[in-house]
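So the structure is just underneath, and the comments pick up after that.
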Amino acid sequence: DAGITQSPRHKVTETGTPVTLRCHQTENHRYMYWYRQDPGHGLRLIHYSYGVKDTDKGEVSDGYSVSRSKTEDFLLTLESATSSQTSVYFCAISETRGWNEQYFGPGTRLTVT
Amino acid sequence: DQQVKQNSPSLSVQEGRISILNCDYTNSMFDYFLWYKKYPAEGPTFLISISSIKDKNEDGRFTVFLNKSAKHLSLHIVPSQPGDSAVYFCAASAAGNQFYFGTGTSLTVIP
């Protein structure tokens, strides 16, 4: 199994509070991704990174920001959480962007009340 | 707008029989396709892939078929086993760009 951990695994927070989710990898892969999984939508890309300090938006990036200061860590921040951001968040890594498989972390279940 | 669609939310199959999971896509530029398997409370795990230069790829009990003219791919599992019970996602990308995922099909293999 690829070495990917996510923290926290579960979080409940109130509307309007900032939240940061962390993804940590030990595989030294260049690409890292944040997805959210919602019923009826499958997995949707929020942001991705193609190197330290290099990030770009995915299809559902509004309300989210990311940072990557080290190869192994990719942070996802909800500046002011809303109930629509209640979801399961998955981090993934890959060696290249679209030509091979991505390896996923175990997920973080976030509930915004 | 969903570019990758899995129109069957669920599927039940008897152990030992064939499971066929289907996936349709709308973007003719997609040229690389993946299937993932997901157990509850875990992240998706890669199962099998196919590029658009092929129409079939096989790995043990799992075979993926690609019909580019119909913009359709399918995953065949033969024989199905109870441990195959999971949610299956298909995903597609174009020219090495981001993957788009389907909504998933929940497979139940009945012993």
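The figures here come from the full heavy-atom set of this structure, side chains too, leaving out hydrogens, waters and symmetry mates. Treat the numbers as computed from the prediction; the structure is a model and nothing was measured.
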Check whether B:A41 gets within reach of chain A through its side chain, its backbone, both or neither, counting any heavy atom under 4.5 Å.
-> backbone
Interface moiety of B:Q2 toward chain A, non-hydrogen atoms closer than 4.5 Å =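 For B:Q2, the side chain is the part near chain A, not the backbone.
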Validation row: B:F101, A:Y35 side chains within 4.5 angstrom (heavy atoms) | yes
Within a strict 4.5 Å, meaning less than it, do heavy atoms of the B:K38 and A:F90 side chains meet?
-> yes
Mind checking whether [X] and [Y] sit in one hydrophobic cluster, side chains of I, L, V, M, F, W, Y counted as touching below 4.5 Å?
| X | Y | result |
| --- | --- | --- |
| B:F33 | B:W35 | yes |
| B:F30 | B:L21 | yes |
| B:V4 | B:L11 | yes |
| B:I20 | B:F65 | no |

Closest approach of [X] and [Y], non-hydrogen atoms and distance?
| X | Y | value |
| --- | --- | --- |
| B:F89 | A:Q37 | CZ-NE2, 3.4 Å |
| B:Y36 | A:Q102 | OH-N, 2.9 Å |
| B:T103 | A:G40 | CG2-O, 3.3 Å |

Per-residue contact mode, A:R9 against chain B (heavy atom under 4.5 angstrom) |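 The side chain, not the backbone.
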Whether over 12 other heavy atoms sit under 6.0 Å from [X] [atom1]:
| X | atom1 | answer |
| --- | --- | --- |
| A:E14 | CD | no |
| A:R44 | CZ | yes |
| A:K57 | NZ | no |

dist A:S94:OG -> B:F99:CZ (nearest 0.5 Å) comes out at 8.0 Å
For the side chain of B:Y100 and the backbone of A:L45, is there at least one donor-acceptor N/O pair under 3.5 Å apart?
-> no
